A.B. asks: 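Pasting a structure here, questions to come.
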Amino acid sequence: MTTKAQELSGWEYSLAPETTKIDIEQKNKLFIQGKFVSPKSRSWFSTINPATEEKLADVACAGKADVESAVTAAKKALPKWSRLSGSQRAKYLYRIARRIQERSRELAILETMDGGKPIKESRDVDLPLVAQHFFYYAGWADKMQYAFPGANIEPVGVCAQIIPWNFPLMMAAWKLAPALACGNTCILKPAETTSLTALRLAEIMQEVGLPEGVVNILTGAGETGKLLAEHKSVNKVAFTGSTAVGKSLMRSTAGTGKKLTLELGGKSANIIFADAAIDQAVEGIVSGIYFNQGHVCCAGSRLFVEEPILDEVVSKLTHRLRSLRVGNPLDKNTDLGAINSQEQLDTVERYIRNGTEEGAQLHEIHSERLPSKGYWCSPCFFTDVQPSHTIAREEIFGPVLSVMTFRTPQEAISRANNSPYGLAAGIWTNKGSKIFEVAKKLDAGVVWCNTYNKFDAASPFGGFKESGFGREGGMQGLRPYVRLQNQSRRAK
Ligand code: NAP
Ligand code: MG
């Protein structure tokens, strides 16, 4: 059978599956005090490959007693770790970064198997950024006085770090690297559907000889995260995930003296002006929303097109989507992998139905290559979208784009800002002056110009409004992990 991709390209790619020959422990234990230990809760859950629905392994589900052990370990390790010189801490971080590079192929494959993202993303985007993050903060560890000149700098203490499933290792690196550089000790709680690579990171902590208890990894459910964040000996909670859970953490940490940073959801706007290089813009729009199946908090899920070029953009978008390859995430040719879980697929499909019911026009791009098992969603977009439509307001977290129009830059700005979120935005134009004028008026933590979804460890990332507060990455990413002179307080 001839596929759309074949029609367009004229030839078919050979299959290029990545090997899956990596050993996966059948029982994945908790990492506490430098050792892998069975959960005191005696509770386990299965993790599956969302592309095949095959069970990969059992993972420990940490309960109250396990949280207690991990917090005790982190508290015990704190005095010695925080008193090490910055250059000594840096050595550990450099070693971690180098070991990640050495094991990057294995980590990328496991990330893809457990989470469903295409191997070319985990291999070429996630893993290089994970290593880069550790290298970058290793560089800061002995230069803190330049980040906060004249201040007496102290670590915050024991940090509870709770992360989501869309970039499991990258989120772990974003949390752990700055915290460790600043002399804190950590308990990391990965998401339930993607725990396996965090546990390989634990192995790396052992391999580099990181002192026991400095990093502890607690796999488990939402309840594990809740118990951890509410523990009285935790001095700082760093959370990336949904706005609903973020709000509950704000309530539970209020008045406790705990520091809190939240990286939450988004409904980011990509604005394309008529004077933009349209082919380049369409390419950026496609990567902005369909990258990682749309499981990206800063995904450009609302597209605002200047009215005269709507037809051209829609036609080029359709053409480009037809050439995307959806399927086996371990195949090096795959552009879109599997949706992370049945639950997330149900959510995305519910939004797609809702979009049609509310009157928007669905443009589906059917892929003939979808495997028969697993959680799949072909990329799609909606036109005739009103700002009041649910698909234009709520985060879908899937490969679904809402296309809307505008007539003036002012209208583009006000429509883009008409959202409870404020994480990211994109501007496409060939006029530099328009970029500066529009960018400064957008309520977004990150504004990309003539590009989208570009990350660098040196660049701070974070949102406004309901997208959260606090910054990760860059020099700014150190700030949540230190207490400065006038607010310094010994961690209890
Ligand atoms: P989620 O349900 O909020 O889960 C995030 C993490 O919190 C998971 O480890 C989860 O554990 C844990 N958790 C769940 N309930 C909790 C509770 N009551 N207290 C403490 N921890 C709890 O979010 P998700 O569905 O996994 O991730 C998708 C969301 O994350 C999207 O809204 C997305 O925009 C956002 N996100 C934001 C960024 C950013 O940088 N701004 C980055 C990535 C994702 P379980 O997995 O066991 O439920
Ligand atoms: Mg999984």
Side-chain angles (χ1 to χ4, degrees), residues 43 45-47 59-63 67 114-115 117 126 129 160-175 187-196 198 217-231 234 237-253 258 260-268 289 291-301 339-348 351 394-398 419-424 444-446 453 455 459-473 477:
S43 164
F45 60 92
S46 324
T47 190
V59 178
C61 183
V67 170
D114 202 15
K117 66 171 61 191
D126 294 38
L129 281 168
Q161 306 183 308
I162 304 169
I163 56 173
W165 43 259
N166 55 346
F167 291 93
L169 266 179
M170 217 163 100
M171 291 296 118
W174 282 26
K175 297 275 180 286
I187 305 126
L188 180 81
K189 150 72 179 93
E192 224 166 305
T193 52
T194 52
S195 303
L196 295 181
I217 298 186
L218 286 185
T219 48
E223 181 62 18
T224 312
K226 186 169 183 293
L227 288 168
L228 181 59
E230 290 176 2
H231 195 288
V234 162
V237 178
F239 172 79
T240 299
S242 61
T243 299
V245 175
K247 284 180 178 173
S248 81
L249 289 173
M250 263 189 107
R251 283 191 291 273
S252 65
T253 53
K258 284 177 192 169
L260 175 69
T261 39
L262 299 176
E263 299 282 353
L264 308 175
K267 192 74 188 172
S268 299
I289 176 68
F291 171 64
N292 200 20
Q293 298 75 244
H295 297 339
V296 185
C297 49
C298 51
S301 52
I339 299 292
N340 184 266
S341 63
Q342 179 70 59
E343 194 187 354
Q344 188 59 26
L345 179 60
D346 292 344
T347 305
V348 175
Y351 276 112
E394 296 183 10
E395 183 179 46
I396 300 174
F397 225 57
S419 165
Y421 295 110
L423 194 51
V446 182
N453 267 347
F455 299 94
S459 175
F461 182 88
F464 291 122
K465 303 197 277 188
E466 289 195 15
S467 293
F469 50 82
R471 293 292 176 264
E472 293 187 306

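Start at 1 and go down the list; that is how both ligands and their atoms are numbered. Note that this is a predicted model, so its numbers are computed, not measured. Counting begins at 1 with the first residue of the sequence.
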A.B. asks: For atom 9 (O) of ligand 1, what's the nearest protein heavy-atom neighbour? Residue, atom name and distance, please.
C.D. replies: Ile163 O, 2.7 Å
A.B. asks: At a non-hydrogen distance cut-off of under 4.0 Å, which region of Pro190 contacts ligand 1 (side chain, backbone, both, or neither)?
C.D. replies: backbone
A.B. asks: From atom 20 (C) of ligand 1, work out which of Lys189, Lys226, Met170 has a heavy atom at the shortest distance.
C.D. replies: Lys226
A.B. asks: Relative to atom 15 (N) of ligand 1, which among Gly222, Gly225, Ser242, Ser195 owns the nearest non-hydrogen atom?
C.D. replies: Gly222
A.B. asks: Mind checking whether Thr224 contacts ligand 1 via backbone (N, CA, C, O), side chain (CB onward), both or neither, at a 4.0 Å heavy-atom cut-off?
C.D. replies: neither
A.B. asks: Please work out, at 4.0 Å between heavy atoms, whether the side chain, the backbone, both, or neither of Phe239 comes within that distance of ligand 1.
C.D. replies: side chain
A.B. asks: Knowing that exactly one of Glu263, Lys189, Met171 qualifies, which makes a side chain to side chain contact (heavy atoms under 4.5 Å, CB included) with Ile163?
C.D. replies: Met171
A.B. asks: Does some non-hydrogen atom of the protein lie less than 4.0 angstrom from atom 34 (O) of ligand 1?
C.D. replies: yes
A.B. asks: Would you confirm whether the ring centroid of Phe461 sits within less than 6.0 angstrom of the ring centroid of Trp174?
C.D. replies: yes
A.B. asks: Looking only at side-chain N and O atoms, does Lys226 offer a donor or acceptor that is under 3.5 Å from a partner on Ser252?
C.D. replies: no
A.B. asks: Is there any N or O on Glu395 that sits under 3.5 Å from an N or O of ligand 1?
C.D. replies: yes
A.B. asks: For ligand 1, note which part of Thr240 has a heavy atom under 4.0 Å away: side chain, backbone, both or neither.
C.D. replies: both
